[in-house]
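The structure under discussion appears below in the form of structure tokens.
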Amino acid sequence: MSVRVRFAPSPTGLLHVGALRTVVFNDLFAKRHQGTLILRIEDTDRTRYNPESEAEFIETLKWVGIEFHEGPHVGGDFGPYRQSERKEAGIYTPFVEELLAKGAAYEAFETPEELEQMREFQRINKMPTGYFGGDWRDATPEQVAAAKAEGKPCVIRLKIPRNTAIVGEDVVRGKLEWDSNTVDDPVIIKADGMPTYHFAAMVDDHLMQITHVFRGEEWISSYPKHIALFDAFGWDKPVFVHCPVIVGNDGKKLSKRHGATRVLDYKYDGFLPDALKNFVALIGWNPGDDREIMAPDELASAFHLEGIQASPGKFDMEKLKWMNGVGIRSLDRDSLISTVSELVKDPEILSYYAGKEPEDPAPKISADEYHRAISTLASALDNDSAFAEQCVVLEQERVQTLADFGPATEFFLVEELSYDEKAVEKWFGEPHVRKLLDDLAGFVSGKSEVSVEECEGFVKGWAAENGFDKIGPVVHPTRVALSGKTSGPGLFDLMSCLGPDRIAKRIARAKELLR
RNA sequence: GCUCCGGUCGUCUAGCGGUUAGGAUGUCGCCCUUUCACGGCGAAGGUCGCGGGUUCGAAUCCCGUCCGGAGUACCA
């Protein structure tokens, strides 16, 4: 039987990194087995429905480059792919009736208030809370008829078998077992007629012929209810894979308060989709050897269920940055330029940085600086592309994110350089600097461009002629004069990239700072 | 409270009865070098949550215990 897996988010909000990991596992597993990847929208809760959510999912998934074979946006033979539409189509009705007819489910007429009272009583008496029968599990047909005649709203609950063991398999943990008397009767159809997750997801998994269910470990608790449902129908169960959760530094499930959890934020922070996927795949899974940096197809062919871990993992931003840096360095010139351009010119990016709240109390580079530098780069890429592109290339080895190209290239692109005070103090006090700058101005004067070799020739020649056996004392002041700082690309590359005009202007300005 | 799941360097992890407990990241140092970065090399960092057992031998098997987490909804 061919593999069919599904990603089944609930459209209540954003797509966060925990969910991303789940899709990545699904995707990798599907690819590994040439299976089918399905998107299913679990919108059975009308109160929490967020109409923008589904578009967010699609956009995010498109950005990370995960493609679905079936889903609400692409169609397929097992549709519709939204549970609200499936409900409208009457798909669930015959299954509910089947359960009712078999006596495997029953109608219950308590009000939410009554249920709350019941739980309160259970808590006070230190009993397990939940619906273990109430007044309706064993109600007579007459009682039910009477309640209906009164027009009482009712829900339908699954009748969990009593005094037995419920046994399930989980790929990651092996055999899981519950005393059925500790499992309460779940609602499968709400008073508004909508199915609950417990019902709709299982029925749909069966109908859509899902072979493997990847879901977070927070579902383990309700797994016995799902097993009971499959058993009530007599259906074969898919393979369940309960994936460890991704937690924040406090050990709790990742949420907004842990900083960037929205996947699309990683786009604007300058992460490469492949690096993000690679990183996230490695939380809770490993290929069984020491490989970490893996190409997408390598990841897919290495992905196997045995490598999935049971214990939760933390999200290590530093390691993600490292991995992303490796990804950036592996880009060839053309893809580097196009990737950077696409991000930096994205109309959304400036509003992202404008509205960004600092996660790090003392970030090295503020959101304002990113905002400014990125727009500088974007317009340079439009107006002076050859120059701007060369700047990007020269910074490739020095950045960890695509967004870093903004601040990294800013000194190249800006008209008025800002000088690092310490750098000026350290290098502009030397007596030879004035002559050096004058000679450099002479060297570029009248030229329209200078090659890297010419620049190297000038610097080395100047050092020799002026009695320096090492070029450091020549290189450093020149660098400060041209870039305002002490770090950055190799000086000869820097000079050649800037070109004679900018060099001349910068020298003139630097000379004003000389004592 | 009840049910369930976890627990190996700060972090991600390898490990499945015999290893100097391995790798990666981060940190630090050295090398490369015109700076920064990249790259290379190296160091520090783990009494494998704790306590008992089983065994010649336990991170690995068993029991207990502690800690963390999840669920405990007409949410998913």
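Lettering follows sequence order; numbering is per chain, from 1. Quick caveat: nothing in here was measured; it's all calculated off a predicted structure.
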Check the distance between [N]'s [atom2] and [X]'s [atom1] and give it to me in whole angstrom.
{"X": "A:Ile308", "N": "B:rU13", "atom1": "CD1", "atom2": "P", "answer": "12 Å"}
{"X": "A:Phe240", "N": "B:rC4", "atom1": "CZ", "atom2": "P", "answer": "19 Å"}
{"X": "A:Trp427", "N": "B:rU34", "atom1": "CH2", "atom2": "P", "answer": "13 Å"}
{"X": "A:Lys314", "N": "B:rG6", "atom1": "NZ", "atom2": "P", "answer": "18 Å"}
{"X": "A:Phe121", "N": "B:rC2", "atom1": "CZ", "atom2": "P", "answer": "17 Å"}
{"X": "A:Tyr106", "N": "B:rC74", "atom1": "OH", "atom2": "P", "answer": "11 Å"}
{"X": "A:Asp493", "N": "B:rU35", "atom1": "CG", "atom2": "P", "answer": "14 Å"}

Can you tell me how far [atom2] of [Y] sits from [atom1] of [X], rounded to the nearest 0.5 angstrom?
{"X": "A:Leu494", "Y": "A:Arg502", "atom1": "CG", "atom2": "CZ", "answer": "11.5 Å"}
{"X": "A:Phe303", "Y": "A:Asn26", "atom1": "CZ", "atom2": "CG", "answer": "8.5 Å"}
{"X": "A:Ile166", "Y": "A:Asp179", "atom1": "CD1", "atom2": "CG", "answer": "8.5 Å"}
{"X": "A:Tyr266", "Y": "A:Asn324", "atom1": "OH", "atom2": "CG", "answer": "11.5 Å"}

Q) Quick one: is the NZ or CZ of A:Arg157 closer than 6.0 Å to the six-membered ring centre of A:Tyr131, and within 45° of its axis? A)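 Output yes; distance and angle both within limits.
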
Report the nucleotide, chosen from [options], that has the shortest atom-to-atom distance to any side-chain atom of [X].
{"X": "A:Glu42", "options": "B:rA76, B:rU35, B:rU13", "value": "B:rA76"}
{"X": "A:Ile471", "options": "B:rA76, B:rU34, B:rU72", "value": "B:rU34"}
{"X": "A:Phe492", "options": "B:rC74, B:rU34, B:rU11", "value": "B:rU34"}
{"X": "A:Ile220", "options": "B:rC4, B:rG1, B:rC75", "value": "B:rC4"}

Q) Can you list the residues that meet the side-chain hydrogen bond (donor to acceptor under 3.5 Å, both in side chains) rule with A:Glu54, with sequence neighbours excluded? A)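 Checked A:Glu54 against side-chain hydrogen bond (donor to acceptor under 3.5 Å, both in side chains); matches are A:Arg82.
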
Q: Identify, with sequence neighbours excluded, every residue that meets side-chain hydrogen bond (donor to acceptor under 3.5 Å, both in side chains) alongside A:Asp332.
A: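 A:Asp332 satisfies side-chain hydrogen bond (donor to acceptor under 3.5 Å, both in side chains) with A:Ser335 only.
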
Q | Nearest-nucleotide comparison on RNA chain B, the residue closer to the 5′ end among A:Gly490 and A:Thr12 | A |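 Comparing both residues, the 5'-ward one is A:Gly490.
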
**Q.** Pairwise 5' ranking along RNA chain B for A:Asp289 and A:Ile189, keeping only the more 5' one
**A.**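 So the residue in question is A:Asp289.
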
Does [N] have OP1 or OP2 under 4.0 Å away from a side-chain N or O of [X]?
{"X": "A:Ser311", "N": "B:rC5", "result": "no"}
{"X": "A:Arg119", "N": "B:rA73", "result": "yes"}
{"X": "A:Arg329", "N": "B:rG39", "result": "yes"}
{"X": "A:Asn286", "N": "B:rA14", "result": "yes"}
{"X": "A:Gln309", "N": "B:rA14", "result": "yes"}
{"X": "A:Lys190", "N": "B:rA76", "result": "yes"}

Residues from [range] sitting under 4.0 Å of RNA chain B, heavy atoms only?
{"range": "residues 165-180 of chain A", "result": "A:Arg173, A:Leu176, A:Trp178"}
{"range": "residues 150-160 of chain A", "result": "A:Val155, A:Arg157"}
{"range": "residues 47-54 of chain A", "result": "A:Arg48"}

Could you pull out all donor-acceptor pairs under 3.5 Å where a side-chain atom in residues 456-473 of chain A meets a protein atom, sequence neighbours excluded?
from	atom 1	to	atom 2	distance (Å)
A:Glu456	OE2	A:Lys460	NZ	2.5
A:Trp462	NE1	A:Asp439	OD2	2.6
A:Asn466	OD1	A:Lys435	NZ	3.3
A:Asn466	ND2	A:Trp462	O	2.8

Would you kindly say whether [X] and [Y] are connected by a side-chain donor-acceptor distance under 3.5 Å?
{"X": "A:Ser84", "Y": "A:Asp43", "answer": "yes"}
{"X": "A:His242", "Y": "A:Arg215", "answer": "yes"}
{"X": "A:Ser53", "Y": "A:Glu56", "answer": "no"}

Applying a 3.5 Å limit to both distances, which nucleotide forms a Watson-Crick or G-U wobble pair with [N]?
{"N": "B:rU54", "result": "none"}
{"N": "B:rU47", "result": "none"}
{"N": "B:rC30", "result": "B:rG40"}
{"N": "B:rU3", "result": "B:rA70"}

Q.
For A:Trp219, run the ring-ring contact (aromatic ring centres under 6.0 Å, His included) check against A:Phe214, A:Tyr197, A:Phe240 and tell me which one passes.
A.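 The single option meeting the ring-ring contact (aromatic ring centres under 6.0 Å, His included) with A:Trp219 is A:Tyr197.
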
(Q) Once hydrogens and angles are ignored, does a donor-acceptor distance under 3.5 Å link the base of B:rU34 to the side chain of A:Arg479? (A)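 Checked by distance alone, the answer is yes.
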
Taking distance alone, no hydrogens or angles, what donor-acceptor pairs closer than 3.5 Å link side-chain atoms of residues 286-295 of chain A to residues at least two apart or in another chain?
from	atom 1	to	atom 2	distance (Å)
A:Asn286	OD1	A:Gly288	N	2.8
A:Asp289	OD1	A:Arg291	N	3.0
A:Asp289	OD1	A:Arg291	NE	3.2
A:Asp289	OD2	A:Arg291	NE	3.2
A:Asp289	OD2	A:Arg291	NH2	3.2
A:Arg291	NH1	A:Glu298	OE2	3.1
A:Glu292	OE1	A:Lys319	NZ	3.4
A:Glu292	OE2	A:Lys319	NZ	3.1

Q: Treat primed atoms plus P, OP1 and OP2 as sugar-phosphate and everything else as base, then score nucleotides 44-49 of chain B 5' to 3': B for base contact with protein heavy atoms under 4.0 Å, S for sugar-phosphate contact only, - for none.
A: ------

Q: For nucleotides 63-71 of chain B, just jot down a letter per nucleotide in 5' to 3' order: B, S or -, based on protein non-hydrogen atoms under 4.0 Å.
A: ------SBS

(Q) Taking only the C1' atom of each, what is the distance from B:rG42 to B:rC48 in whole angstrom? (A)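 Going atom to atom, C1' in each nucleotide, I get 25 Å.
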
Q: Between B:rG46 and B:rA14, how far apart are the C1' atoms? Round to whole Å, please.
A: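 The answer is 14 Å between these two C1' atoms.
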
Which protein N or O atoms sit under 3.5 Å from an N or O of nucleotides 25-29 of chain B?
none

**Q.** Under the side-chain contact (heavy atoms from CB on, under 4.5 Å) test, residues paired with A:Glu116 that sit two or more places apart
**A.**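 Counting only residues at least two positions away or on another chain, A:Glu116 forms a side-chain contact (heavy atoms from CB on, under 4.5 Å) with A:Arg119, A:Glu120, A:Arg123.
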
Q. When we call it a touch if two heavy atoms are under 4.0 Å apart, what does A:Gly284 touch: a base, just sugar-phosphate, or nothing?
A.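 Answer is sugar-phosphate: A:Gly284 comes under 4.0 Å of backbone atoms only.
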
What pairs of donor and acceptor atoms, side-chain ones from residues 307-317 of chain A against any protein atom, are under 3.5 angstrom apart with sequence neighbours left out?
from	atom 1	to	atom 2	distance (Å)
A:Gln309	OE1	A:Ser311	OG	2.7
A:Asp316	OD1	A:Glu318	N	3.2

Q) Would you say A:Leu417 and A:Tyr419 make side-chain contact, with heavy atoms under 4.5 Å? A)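 Sidechains of A:Tyr419 and A:Leu417: in contact.
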
Q. Is the shortest side-chain N to carboxylate O distance from A:Asp231 to A:Lys237 below 4.0 Å?
A.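 Salt bridge flag = yes for A:Lys237 with A:Asp231.
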
Q.
Please determine whether a side-chain nitrogen of the Lys or Arg among A:Glu425 and A:Lys422 lies less than 4.0 Å from a carboxylate oxygen of the Asp or Glu.
A.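 Between A:Lys422 and A:Glu425 there is no salt bridge, as every charged N stays at least 4.0 Å from the carboxylate O atoms.
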
